[in-house]
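To start, the structure under review is shown below, and the notes come after it.
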Amino acid sequence: MKLIQTLAVSSLTFTSVALAQSSWHTVKKPTLEQTKIYGSYANGCFSGGEVIPINGDGFQQVRPSRNRNYGDESLLIFIESLGQYAKMQNKTVILGDLSQPRGGPMNFGHSSHQIGLDVDIWFEAIGKDGLTKQQRENLATPSLVDGKKGVISKHWQPYYRDLIHQAALYPKTERIFVNPVIKAYLCETEKDKSWLYKVRPWFGHDSHFHVRLVCPKGQKDCEPQAPVAKTSGCDADLQNWVKDQTDLALGIKKPTVSKSKPAPKVMPAMCRTILNQ
Ligand SMILES: [Zn+2]
């Protein structure tokens, strides 16, 4: 009896692992039902996602050919609201990747962005007319971090602080990832640090920031992260991050891509149904 149970469990694990390695990026469209989220930011999927316009009111997406402009309705509403803010400054919010049509792991680029609640926002101060189709595919954004000195680079603009601030004040924003040098700069320059707890130091993130929203109400299969402590994070730990991520000789460190593949995760069982629909 015990043996049969073990076999059953291991075959279930095997198929779920295969599911995590499936080609989620080859699926072209969301399913049609209401949005339902399964799993966590770095291991999950969703049904019935919203198509986030690649050319919206006050926002645009770069690299639209990647087909990563999908997410939960709450993400669409957040982007629309940030777009309205940018418009008031005569600017256009430039979005990087959101999620694939049904979420899931990507074939390159991110470990999270899997449940339609993550979006990358580029540090770009593009005017209200936005970018042309060709510019959107080819845009290259300079680093805001002078890695050799461990300080903000000459490309920094106050508008970027305003965008991060606006995103952090948004009630459904769970956390924001930026390069530790950017966080340290905000620690030095912000009088009111009450919103900085949401801004977290992370590898890379020197030419874009990453906004993550909370699991929406009623999505009981969406797995939240442990909440961030409500302290500014302007501390010795941050200084260690800065030291670790910058190098006098080499400049800013690129996020290390591990050569050994991480152990495959077991995806929520409903993701199989969603993938096969
Ligand atoms: Zn991201």
Side-chain angles (χ1 to χ4, degrees), residues 20 24-25 37 39-46 49-52 54 56 59-72 74-79 81-83 86 93-124 136-137 139-145 160 163-168 170 172-183 186 198-216 222-225 228 233 241 245 252-258 262 265:
W24 288 83
H25 65 279
I37 296 172
S40 64
Y41 299 96
N43 183 30
C45 66
F46 54 90
E50 296 277 340
V51 182
I52 317 276
I54 55 171
F59 63 91
Q60 276 189 321
Q61 201 200 17
V62 289
R63 313 284 192 270
S65 59
R66 290 181 175 182
N67 199 32
R68 292 176 173 177
N69 56 305
Y70 304 86
D72 182 62
S74 62
L75 189 64
L76 175 59
I77 295 170
F78 162 72
I79 289 167
S81 107
L82 199 63
V93 173
I94 302 299
L95 309 176
D97 289 342
L98 290 83
S99 289
Q100 299 174 138
R102 300 177 194 183
M106 295 184 178
N107 51 337
F108 66 93
H110 311 269
S111 54
S112 65
H113 288 248
Q114 294 198 22
I115 52 173
L117 298 171
D118 292 286
V119 57
D120 288 340
I121 296 173
W122 288 31
F123 289 120
E124 281 286 355
R136 292 217 309 266
E137 282 297 339
L139 188 70
T141 301
S143 175
L144 295 190
V145 172
Y160 300 145
L163 264 190
I164 299 172
H165 178 242
Q166 194 68 19
Y170 192 77
K172 289 181 178 158
T173 296
E174 203 269 340
R175 66 188 73 197
I176 293 173
F177 298 109
V178 296
N179 187 276
V181 170
I182 296 175
K183 165 95 187 195
L186 294 173
K198 284 192 189 177
V199 182
R200 314 285 295 172
W202 202 243
F203 311 95
H205 293 81
D206 55 317
S207 54
H208 75 271
F209 64 105
H210 175 143
V211 179
R212 172 168 294 168
L213 302 186
V214 293
C215 281
C222 178
E223 287 171 31
Q225 267 184 289
V228 289
W241 265 99
Q245 290 299 300
I252 185 171
K253 287 192 191 159
K254 291 283 161 218
T256 40
V257 182
S258 159
K265 293 169 181 165

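Computed from a predicted structure; not experimentally measured. For ligands, and for the atoms within them, numbers begin at 1 and follow the listed sequence.
Residues Gln60 and Ile94 have side chains in contact (heavy-atom distance under 4.5 Å, counting atoms from C-beta outward).
Protein atoms of type N, O or S found under 2.8 Å from the Zn ion (ligand 1) total 3.
His113 and His210 have perpendicular rings, their planes meeting at more than 60° on a 0 to 90° scale where under 30° would count as parallel.
Going from atom CD of Gln245 over to atom CG of Asn179 covers 6.5 Å, rounded to the nearest 0.5 Å. Atom-to-atom distance recorded for Trp122:CH2 and His208:NE2 is 9.0 Å, nearest 0.5 angstrom. One distance of note links CG of Leu98 with CG of Leu76; it measures 9.5 Å at 0.5 Å rounding.
The side-chain hydrogen bond (donor to acceptor under 3.5 Å, both in side chains) search around Tyr160 returns none, not counting sequence neighbours.
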